[in-house]
2 protein chains.
Amino acid sequence: MEPIRRQQLIEATMTAIDEVGLHDATVIRIARRAGVSAGIISHYFGGKDGLLEATMRQILRDLNDAIAARRRALANDSPKARLQAIIDGNFDRSQVTGPAAKTWLAFWASSMHKPALARLQYINDRRLYSNLRHHFRRAMPAPEAEQAARGMAAMIDGLWLRGALTREGLDATEARQVANAHLDQLFAQIEEAFL
Amino acid sequence: MEPIRRQQLIEATMTAIDEVGLHDATVIRIARRAGVSAGIISHYFGGKDGLLEATMRQILRDLNDAIAARRRALANDSPKARLQAIIDGNFDRSQVTGPAAKTWLAFWASSMHKPALARLQYINDRRLYSNLRHHFRRAMPAPEAEQAARGMAAMIDGLWLRGALTREGLDATEARQVANAHLDQLFAQIEEAFL
DNA sequence: TTTTATTGATTGAACGTTCAATAAAAAAAT
DNA sequence: ATTTTTTTATTGAACGTTCAATCAATAAAA
């Protein structure tokens, strides 16, 4: 029963946050969404905070899985192909649906004052930046690679943030297009520097 | 008295949100910060929501003032110079201090489910995008200009978001450097296309 | 004296958590 | 195979807390 209930409650949490925001996503509302009673949340997650943390972990896991899948599907492992896989993974379907997107943004804001969430947030931020820098580093000098990684990380998060705020949600195709155009520019500039 | 109290309470709101987050920024906490009693908030702002909306308006006004000031200080009005003014204005001092940055991010998340804040948010987003597109449009064809504007807007917001989440706060100098490097690339590519 | 500004105790609503009671399932005993 | 016992899963009312808003009382200013 436990794994089933946990999954149901995590999904209900995302749905509730998508519908009414983190502040109004009460335990009763979440429990009703999942078709159970409020008390069960404390039973399986120790309390509301435990459920919220588990929900954020789920979202981060989904994101990493999406990126890993794209990497595995790669024919070559050129720096540019690897970077494209990271970009595409970040705009993977599981990440851009309303519930996941709004839940993530809610956690982003919340993590500023909740150490447990801040830790998860920090690890994920660093991983995105480190991965980007590592692959840029194979194609350009270190200072340029670091700047490129910072810019690309910001653009990905920014596209994602702006998408979460629009009524229609994020257009993943368009977001990929913008980010990949930027990637093309960075690599076009490298080739030019070698001529 | 009214303008003084309003200003005090708005500043106290940002400080409180910076310290404990939007959720725990209660009227009593804000009032104590401002050195007044809780009841005065309803008296001057009609309630807590009114105070929050006024605080967001203040932040957006400060941002627009910063951008306008940079534009006025401009020697020439070339597209690139105008775009640089927008970038610099977005990382102006008043925007990158802890209180303003965290308050803004808190409102960003909150605006997903509060129509009053969403309206302010939407207007500001559109203005940034429209301004960027307008100036890019003077230097490149429309489709490219739109894509460049989307990418630049995302990068600005992303740098800003990532800065708000780091413990040390946003490094404005570094953020400007990254955004301006991207701008240089966009313009370098234009010149190349004309050769 | 009249108007304006401010207080802070009170009120009612809503929240998360707890826990005794109960239902369902599994195991053991007959 | 049937009954009894034990364990596991779940409920929802009750509890204590916290919040924003209210408003009669008071102080200050005009």
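Labels below follow one simple rule: chain letters A, B, ... track the order of the sequence lines, proteins then strands, and each chain is numbered from 1.
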**Prompt:** Does Thr166(B) use its side chain to pair, donor to acceptor, with the backbone of Gly163(B) at less than 3.5 Å?
**Reply:** yes

**Request:** Report yes or no: do Glu11(A) and Gln58(A) form a side-chain donor-acceptor pair below 3.5 Å?
**Result:** no

**Message:** With the threshold set at under 4.0 Å for non-hydrogen atoms, list the residues of residues 45-52 of chain B touching DNA chain D in residue-number order.
**Reply:** Gly47(B), Lys48(B)

**Message:** Measuring from the side chain of Ser42(A) (C-beta onward, heavy atoms only), which nucleotide among dT18(C), dC15(C), dC19(D) has the closest atom?
**Reply:** dT18(C)

**All pairs passing salt bridge (charged side-chain N to carboxylate O under 4.0 Å, His left out) where residues 134-145 of chain B contributes a residue, at least two apart** = none

**Asked** For Arg57(A), what residues pass the salt bridge (Lys or Arg N to Asp or Glu O under 4.0 Å) criterion, not counting sequence neighbours?
**Response** Glu53(A)

**Message:** Rounding to an integer number of Å, can you tell me how far Leu9(A) CG sits from dT11(D) C1'?
**Reply:** 14 Å

**Prompt:** Cut-off 3.5 Å, side chains only: do Gln189(B) and Gln185(B) have a donor facing an acceptor?
**Reply:** no

**Message:** Quiz question: by atom type and distance under 3.5 Å, do the side chains of Asp125(A) and Gln121(A) form a donor-acceptor pair?
**Reply:** yes

**Request:** Would you work out how much the helix from dT1(C)-dA30(D) to dT30(C)-dA1(D) bends between its ends, with each end axis defined by five base pairs, to 10 degrees?
**Result:** 0°

**Asked** Between Asp92(B) and Gln95(B), is there a donor-acceptor pair closer than 3.5 Å when you use the side chain of the first and the backbone of the second?
**Response** no

**Complete:** Arg29(A) atom CZ is separated from dA13(C) atom C1', nearest whole Å, by 16 Å

**Request:** Check the distance between dT11(D)'s P and Ile41(A)'s CD1 and give it to me in whole angstrom.
**Result:** 11 Å

**Request:** Would you check if there is a donor-acceptor pair between the side chains of Gln8(A) and Arg5(A) at a distance under 3.5 Å?
**Result:** yes

**Item:** Atom-pair distance (CD1 on Ile28(A); P on dT18(C)), nearest Å
**Value:** 15 Å

**Asked** Are Trp104(B) and Trp160(B) near enough that their ring centres are under 6.0 Å apart?
**Response** yes

**Glu53(B) CD to dA20(D) P, straight-line distance once rounded to whole Å** = 17 Å

**Message:** So if I define the base as every atom that isn't primed, P, OP1 or OP2, how would nucleotides 4-11 of chain C read as a B/S/- string at a heavy-atom cutoff under 4.0 Å?
**Reply:** -SBBB---

**Prompt:** With sequence neighbours excluded, what pairs up with Asp184(A) under the salt bridge (Lys or Arg N to Asp or Glu O under 4.0 Å) test?
**Reply:** Lys80(A)

**Prompt:** Under 3.5 Å, side chain of Ser130(A) to main-chain N/O of Arg127(A), donor-acceptor pair present?
**Reply:** no

